[in-house]
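Everything below concerns the one structure shown next.
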Amino acid sequence: MSQDLTNAIRALAMDAVQAANSGHPGMPMGMAEIALALWGRNLRHNPANPQWPDRDRFVLSNGHGSMLLYALLHLTGYDLSMDELRRFRQLHSKTPGHPEYGLAPGVETTTGPLGQGLANSVGMAIAERILAAEFNRPGFDIVDHRTYVSVGDGCLMEGISHEACSLAGALALGKLIALYDDNKISIDGEVKDWFRDDTPKRFEAYGWHVIANVDGHDVESVDRAIGAAKAVADKPSLICCKTVIGKGAPKRAGTAKAHGEALGAEEVAATRAAIGWRYPPFEVPQQIYDGWDAKKRGSALERAWNDKFAAYQKAHPELAREFRRRVAGELPANWSAHCQLLLEKIIAKTESIATRKASQNAIEGLAPVLPELVGGSADLTGSNLTLWSGSKPVGRGGGGNYIYYGVREFGMSAVMNGLALHGGIIPYGGTFLTFSDYSRNALRMAALMRIRSIFVFTHDSIGLGEDGPTHQSIEHASALRLTPGMDVWRPCDPVEAALAWMVAIERQDGPTSLLFTRQNVPFQKRDAHTVSAIRRGGYVLSDAQEPKAIILATGSEVQLALGAKQKLAEEGISVRVVSMPCTSIFDRQPPMYRDVVLIPTLPKVAVEAGVSDYWRKYVGLEGAIVGIDRYGESAPGAKLFEYFGFTVENVVNAVRSVLK
């Protein structure tokens, strides 16, 4: 019977790829027995409720083999119809070429960029560890699940696998189990000429428990290996499964041809005959559905958990309420009132400090009422100022709320995405803005998935000074703003910094990047109406009677705009200053609001210590931009601002130029 169950995966995979004339049939065909051992015998999940909080997580890091996951979801009873499998890789289907979070039920994360699913799974395992330490009580292990991830040669070649797996070993994530599809094939052919690592030794060096040389086509062997991995509580486990890509295909098995293209009608027919699959495309007999069906077992598992949680709720009512809130992604009932009080304190202080320090103060003020906030930094804690007085390191055991990621910017960002995807946690992590380049694809994935990851980027311009052009951000703020779905805040003072944090935490439909200065910036006075307008992304910070021009600015350059306004007023030229801390939120405002702030008939000047082109959409071709379109220099920040023209006088001259 098990052969029929695994052949169902092979048939669905090759038929869907053939129908689309596009896709990757080889991996699903080669991993069918691994899938049966995991999904048929070990995975704790309930197809009737893909959001059951204590389900095991499964991540398909080798996401090109998406038909493996879609076939498993369909066969085990998730709400993924055969029609959707027929529509594989078609417009608006739930079965895109690579798994996408939020489309098909049971897809835990978007994968495809290799290695990132593996890093996401590390984040999920950390989340389970943190939540278990926080909520479990003697006799009540309400958070007690594993994270499984399938990986291929490509995932392990990607550098992010080193970052994430080294961290997982350091943290002793015993509930993380990786299944390595060791088929020795990639798109370009046999990997022996470019991937000769001794993978078991590599992972042993990370501190993983490694089970090598498992026959990936023997369900019993894989099942035993999973059992052995589950028995090791103090190390993550890697199960190295020897497989044949495209197994069952007479001519394509074991070849690169099986990896990334349809088998072809002739080879599909030959494969049917070779594996004894007598059924036409997209037809699965009832007895095979019955063999795969996980609904009965899954419902029983969730029912038992519900009974345990009901008893937990009686014994620990406050913890139970908090757990439900956290899992639902809701903010505390007193959130709005707390934020208002915090803002009032910040406004009363009128501090002129670096916005990275203002960020730390905001974290210090918000984190006590937000236990789900889990921070970290890529070895720049003292520079990013991401630590607060209640921070507790996440280590090799127990909980915590602060992760020392080490020098692993990409890994950190993808692990954060895993923390967010798991649920119950709002992650934030810091590095220098320039090193957002290292993290870029994980930032893109956060935006694609519309998840609540908060990326903290400090040292946001040439203002960082002496470290020089290798560390000075020029193009980065604009590049991040061009990422669809990413809100980018560049606040000018402590009030904008605090509100940026509040809005980022409140946002439930996408990630946020927070950009902060190294250098001090002046506090800006505002009335209550102006403070509330900050949430709209752009607002009139300082107005004038019948302004002749508008100066837009962000971050540390807002002070230059205000200085220019004052100097121009002495010459009888009235201008309006608009602070634009978050352009994407401003762009989402109603047209009437945008026109009230940026009066269309007035000439405009934009000021930002970054590339100039981005600001053309606001100032037009006729407007002026005080920006920087070359790399910086090594010198004190104040000297660099003067050298590169970020002065009040230069802003004044720019305004004069648009008034001619």
Side-chain angles (χ1 to χ4, degrees), residues 331 335-336 338-340 342-347 349 351-367 369-370 373 375 384-386 388 416 426-431 433 436 443 446-447 452-461 473 476-478 480-481 483 485-518 520-524 526 530-539 541 552-559 578-589 608 610:
L331 294 175
W335 172 255
S336 295
H338 182 84
C339 288
Q340 185 57 39
L342 178 60
L343 273 177
E344 290 171 5
K345 290 179 183 176
I346 292 169
I347 292 167
K349 280 188 175 180
E351 287 184 300
S352 293
I353 54 178
T355 55
R356 62 173 175 154
K357 180 59 181 174
S359 166
Q360 185 179 44
N361 292 346
I363 298 169
E364 186 73 42
L366 297 171
V369 298
L370 206 66
L373 202 59
N384 300 146
L385 301 183
T386 39
W388 66 286
M416 285 168 55
I426 300 174
Y428 71 91
T431 186
L433 177 56
S436 63
L443 307 185
R452 185 163 44 183
S453 296
I454 301 174
F455 304 102
V456 178
F457 297 120
T458 68
H459 297 61
D460 67 349
S461 75
S473 294
H476 298 84
S478 289
L480 288 173
R481 290 179 183 128
T483 305
M486 176 69 74
D487 280 351
V488 180
W489 284 82
R490 188 169 184 253
C492 75
D493 76 343
V495 179
E496 284 190 1
L499 272 160
W501 266 104
M502 293 169 192
V503 175
I505 288 166
E506 291 164 10
R507 187 181 187 206
Q508 295 195 17
D509 64 350
T512 302
S513 291
L514 303 175
L515 280 48
F516 298 121
T517 66
R518 179 194 183 199
N520 289 351
V521 292
F523 180 89
Q524 304 298 341
R526 305 169 181 84
T530 308
V531 170
S532 66
I534 295 171
R535 286 179 170 271
R536 306 190 78 163
Y539 65 100
L541 175 61
L552 302 80
T554 76
S556 50
E557 290 71 71
V558 167
Q559 60 184 307
V578 170
S579 179
M580 189 83 79
C582 185
T583 58
S584 55
I585 292 180
F586 179 77
D587 290 346
R588 295 198 292 268
Q589 300 305 306
E608 183 174 70

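Every heavy atom of this structure was used, including side-chain atoms; hydrogens, water molecules and symmetry mates were not.
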Where do Leu499 and Val531 land on the side-chain contact (heavy atoms from CB on, under 4.5 Å) test, with the steps shown first?
CA-CA 9 Å; Leu499 272 160; Val531 170; 4.1 Å; yes
Go through Ser584 and Asp487 one step at a time and tell me if the side-chain hydrogen bond (donor to acceptor under 3.5 Å, both in side chains) criterion holds.
CA-CA 6 Å; Ser584 55; Asp487 280 351; 2.6 Å; yes
Given side-chain contact (heavy atoms from CB on, under 4.5 Å), test Val495 with Ile347 step by step and report yes or no.
CA-CA 7 Å; Val495 179; Ile347 292 167; 3.8 Å; yes
Using the rule given for side-chain contact (heavy atoms from CB on, under 4.5 Å), can you reason through Leu443 versus Phe457, listing the C-alpha separation, both sets of side-chain angles and the distance that settles it, and then say yes or no?
CA-CA 12 Å; Leu443 307 185; Phe457 297 120; 3.9 Å; yes
Before you tell me yes or no, could you show the steps for Met580 and Glu608 under side-chain contact (heavy atoms from CB on, under 4.5 Å), namely the whole-Å CA-CA distance, both residues' side-chain angles and the distance that decides it to 0.1 Å?
CA-CA 10 Å; Met580 189 83 79; Glu608 183 174 70; over 6 Å; no
Derivation of the side-chain hydrogen bond (donor to acceptor under 3.5 Å, both in side chains) call for Glu506 and Trp335:
CA-CA 10 Å; Glu506 291 164 10; Trp335 172 255; 2.8 Å; yes
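Nearest heavy atom pair, residue Gly485 against residue Pro511, reads O-CD, 3.6 Å. Scanning all heavy atoms of the two residues, the minimum distance from Asn520 to Ala354 falls at OD1-N, 3.0 Å. The two residues Ser352 and Phe523 make their nearest non-hydrogen contact at OG-N, 3.1 Å. For the pair Ser556 and Thr517, the tightest heavy-atom approach, listed with the atom from each and the gap, is CB-CG2, 3.9 Å. Closest non-hydrogen pair, Leu433 versus Ser436, comes out as O-OG, 2.7 Å. Minimum interatomic distance between Cys492 and Val521 (heavy atoms only, all atoms of both residues): O-CG2, 3.1 Å.
A side-chain donor from one of Tyr539 and Glu496 sits under 3.5 Å from a side-chain acceptor of the other. Of the N and O atoms on the side chains of Ser461 and Arg518, not one donor lies less than 3.5 Å from an acceptor on the other residue. Side-chain N/O atoms of Thr458 and Asn384 include a donor and acceptor closer than 3.5 Å.
Distance CG/Leu552 to CZ/Phe586: 7.5 Å, rounded to 0.5 Å. Between Asn361 atom CG and Leu366 atom CG the span is 10.5 Å, to the nearest 0.5 Å. In this structure, Leu385 CG and Ile353 CD1 are separated by 9.5 Å, a value rounded to the nearest 0.5 Å. Here the straight-line distance linking atom OG1 of Thr355 with atom CH2 of Trp489 works out to 13.0 Å at 0.5 Å rounding. Separation of atoms OG (Ser473) and CG (Leu480) is listed at 8.5 Å; rounding is to 0.5 Å. The distance from the CD atom of Gln508 to the CZ atom of Arg452 is 4.5 Å, given to the nearest 0.5 Å.
Counting heavy atoms from C-beta on, the side chains of Ile534 and Val503 never come closer than 4.5 Å. Using a 4.5 Å cut-off on side-chain heavy atoms (C-beta onward), Ile505 and Ile454 make contact. Met502 places a side-chain heavy atom less than 4.5 Å from the side chain of Leu343.
Between Arg526 and Asp493 there is a salt bridge, with a side-chain nitrogen of the basic residue lying less than 4.0 Å from a carboxylate oxygen of the acidic one. Glu364 has no carboxylate O lying under 4.0 Å from a charged side-chain N of Lys345, or vice versa, which leaves the two without a salt bridge.
Distance alone, capped at 3.5 Å, places no donor-acceptor pair between the Arg356 side chain and the Gln360 backbone.
Between Trp501 and Tyr428, the ring planes are perpendicular. Angles over 60° get that label, and only those under 30° would be called parallel.
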